[in-house]
Amino acid sequence: MAVKLKADGIIDFVQESEIELMEPQAKLAIQLLKEAEQKDDNMVGWHTLPKKLNSNNIDEILESAECIRKLADVFIVIGVGGSYLGARAAIELLKSQFYNYEHTPQIYFVGNNMSPSYLNHILSICKNKEICVNVISKSGGTLEPTLAFRAFKNLLEAKYGKAEAKKRIFVTTGIKKNNLLNLAEKEGYKIFKIPANIGGRFSVLTPVGLLPMAVAGIDIWQIIFGAKKAFEDLQSDDIAENHSMLYAAYRNCLYKKGRRIELFASFEPDFEFFFKWCQQLFAESEGKSGNGIFPVPAIYSTDLHSIGQFVQESGQALFETFIDIENTEDENEYVVKKELVDYDNLNFLADEKMSCINKMALLGTISAHTKGRVPCIMLNIPRKSEQEYGYLVYFLEKSCAISSYMLGVNPFNQPGVEEYKTRMFELLRGKQEE
């Protein structure tokens, strides 16, 4: 169980001596991370969280998850950004993008936009079905989830009455007093608390992510085990041993060479929402004061037929980080059959496993892109499992924090996010005064 960085696709772009020169900056970033933990108002609770989680924390989540599975045909998770991306990423990666076609309760994510057609469609899906709701908002007042929760609270109370509805509403919010917490305490909803020193994009391993994962039947103990192993493995400040430091160093070295766009790519479609989580993690942590690498998700080979030309020949603006699963075979592996008439000229692939063909597509893409002067970093995980998911989440969280400090920015605030909210509420209040 580990994440290993392979630099074969980057050796023509970054010399070993350059990484050696970056090591003091990476070590300083580690030191800044440790110093941040000593401050009263720190936001680095995620850093030691894996070793602090215990049966008291997890048993409460598992009990609620079991209750939801017994009560509900449909489980509605209400949240935006870090309040839903990590959980959805885990469900689609560890179960599949087709989870709702194969399992109950079906899990739908709302409150991540303000589209009336999206909300109405989910509401119509819930018609004549048993429902439970988990509303997630650390501040207790983010507009998108607050609006969606109002709609589903009304639905549940009309359908079940207030007494039964409160058994079906689960609230995940911050410790500090807020509107959502006040309501939950008043109505008697089940409440899960988000630690004050963990921000939304770093909250996957709190009840924010763990409750929806548990409802989906994911073994959250194994998730935690993987994260704990990553915590232990990534303590070293030797850049050769600590691949979270090494990844951060490569990213910053490429950034200094003008590579301002990072494509997170995989040949496994189930990584789609995991990369959306990566996008928020890195963009919101690094993109400040004119700094930052812009993260873009890409699912290959699908996206090779849309953006492949740009990647191959666009110049010197981007680099790619591939996440590769070393072992993707399973008992239902698809094997290409030989046809009596070779109508599509593919009989040369007869008896070949689809996983092998997919792997050759990966290697061929890296070869082509490096030839086209696109650096390619490879992050390898042994297999797709709960343990590997927990390890990968923690690995990327730590890499992101180190990389942000190396860029000279605070990884844990997001002042720019508040600007659009301020302007939006000004417009909404102005509309009411007309």
Side-chain angles (χ1 to χ4, degrees), residues 2-37 44 46-47 201-202 230-265 278-279 281-296 315-324 366 369-370 373-381 391-413:
V3 176
K4 295 296 182 185
L5 186 151
K6 292 188 177 180
D8 297 357
I10 201 171
I11 54 176
D12 292 337
F13 307 93
V14 178
Q15 303 303 310
E16 187 174 337
S17 59
E18 293 178 276
I19 294 300
E20 290 173 359
L21 290 173
M22 300 290 284
E23 185 168 11
Q25 294 179 47
K27 286 185 175 182
L28 177 59
I30 291 284
Q31 184 60 36
L32 290 171
L33 190 57
K34 291 177 180 177
E35 289 176 3
E37 289 181 298
V44 293
W46 60 272
H47 189 228
R201 58 189 177 278
F202 291 89
F231 169 80
E232 294 166 355
D233 288 353
L234 303 176
Q235 290 297 303
S236 172
D237 65 356
D238 183 336
I239 201 166
E241 294 180 6
N242 188 334
H243 281 208
S244 66
M245 289 176 66
L246 186 60
Y247 177 43
Y250 272 118
R251 295 179 79 253
N252 275 263
C253 197
L254 289 168
Y255 178 76
K256 291 177 186 296
K257 294 173 182 282
R259 306 281 178 163
R260 299 295 181 98
I261 302 170
E262 179 177 19
L263 284 182
F264 284 99
C278 290
Q279 186 175 46
L281 177 69
F282 282 92
E284 212 165 64
S285 297
E286 292 185 337
K288 294 153 194 171
S289 304
N291 294 295
I293 300 166
F294 186 68
V296 181
Q316 308 296 312
L318 59 83
F319 66 96
E320 292 174 289
T321 294
F322 287 86
I323 297 183
D324 182 45
I366 292 173
H369 288 183
T370 53
R373 303 303 298 163
V374 179
C376 297
I377 301 171
M378 177 76 79
L379 300 178
N380 281 90
I381 59 174
Y391 196 109
L392 185 58
V393 162
Y394 188 85
F395 175 94
L396 289 169
E397 287 178 341
K398 187 151 189 175
S399 295
C400 179
I402 296 168
S403 183
S404 300
Y405 279 131
M406 291 177 74
L407 282 170
V409 300
N410 178 357
F412 309 116
N413 65 357

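Just so we're clear, the structure is a prediction, and the values are computed from it rather than from any experiment. All values below come from the heavy atoms of this structure, side chains included, with hydrogens, waters and symmetry mates left out.
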Q) Is a side-chain N or O of Ser289 found less than 3.5 angstrom from the main chain of Asn291, in a donor-acceptor match? A) no
Q: Answer yes or no: is there a donor N or O on one side and an acceptor on the other, between the side chain of Asn252 and the main chain of Ala248, under 3.5 Å?
A: yes
Q) Is the closest side-chain heavy-atom distance between Phe412 and Ser285 below 4.5 Å? A) no
Q.
Testing the basics here: between Met245 and Ser236, what is the closest heavy-atom pair and its distance to 0.1 Å?
A. SD-O, 3.6 Å
Q | Member of Leu28, Ile239, Asp237, Leu246 meeting the side-chain contact (heavy atoms from CB on, under 4.5 Å) criterion with Glu23 | A | Ile239
Q.
Tell me the closest heavy-atom pair linking His369 and Cys376, and the distance in Å.
A. CB-SG, 4.0 Å
**Q.** Result of checking Leu281, Thr321, Val3 against Leu396 for side-chain contact (heavy atoms from CB on, under 4.5 Å)
**A.** Leu281
Q) Does a sphere of radius 6.0 Å around CD in Gln235 hold more than 12 heavy atoms from other residues, nucleotides or ligands, not counting ones at 6.0 Å or beyond? A) yes
Q. Do you know the tightest heavy-atom contact between Ser244 and Lys398?
A. OG-CG, 3.9 Å
Q.
Rounded to the nearest 0.5 Å, what separates atom CG in Leu392 from atom CD in Glu397?
A. 10.0 Å
Q: Assess the side chains of Asn410 and Ser404: does a donor N or O sit below 3.5 Å from an acceptor N or O?
A: no
**Q.** Test item: Ile381 and Asp324 side chains (from C-beta on) under 4.5 Å apart, heavy atoms
**A.** no
Q.
Would you compute the distance between atom CZ of Phe322 and atom CD1 of Ile366 and round it to the nearest 0.5 angstrom?
A. 5.0 Å
Q. Can you find a pair of side-chain heavy atoms, one from Asp12 and one from Arg373, that are under 4.5 Å apart?
A. yes
Q: Please say whether the positively charged group of Arg260, taken as NZ for Lys or CZ for Arg, lies over the ring of Tyr255, i.e. under 6.0 angstrom from the six-membered ring centre and within 45 degrees of the axis.
A: yes
Q. Does the pair Arg259/Glu320 count as a salt bridge with the N-to-O cut at 4.0 Å?
A. no
**Q.** Heavy-atom closest pair, residues Lys6 and Asn380
**A.** CD-OD1, 3.3 Å
Q | Check: Phe319 and Leu263 side chains under 4.5 Å, non-hydrogen atoms | A | no
**Q.** Min side-chain heavy-atom separation Met406-Met22 under 4.5 Å
**A.** yes
(Q) Looking at Pro295, is its backbone amide N or carbonyl O close enough to the side chain of Gln279 to form a donor-acceptor pair, meaning the two atoms are under 3.5 Å apart? (A) yes
Q: Establish, yes or no, whether a centroid distance under 6.0 Å links the rings of Phe264 and Phe282.
A: yes
Q. Is there a side-chain contact between Leu318 and Phe294 (heavy atoms, below 4.5 Å)?
A. no
Q) Tell me, do Val296 and Ile261 make a side-chain contact under 4.5 Å, heavy atoms counted? A) yes
Q: Classify the angle between the aromatic ring planes of Phe202 and Trp46 as parallel (below 30°), tilted (30 to 60°) or perpendicular (above 60°).
A: parallel
**Q.** Over all atoms of both residues, closest heavy-atom pair of Val409 and Glu286
**A.** CG2-O, 3.9 Å
Q) Where is the tightest heavy-atom contact between Asn413 and Arg201, given as atom of each residue plus distance? A) O-NH2, 3.2 Å
Q.
Ring-plane angle category for Phe231 and Tyr394, please: parallel below 30°, perpendicular beyond 60°, tilted otherwise.
A. perpendicular
Q | Backbone of Leu234 reached by a side-chain donor or acceptor of Asn242 within 3.5 Å | A | yes
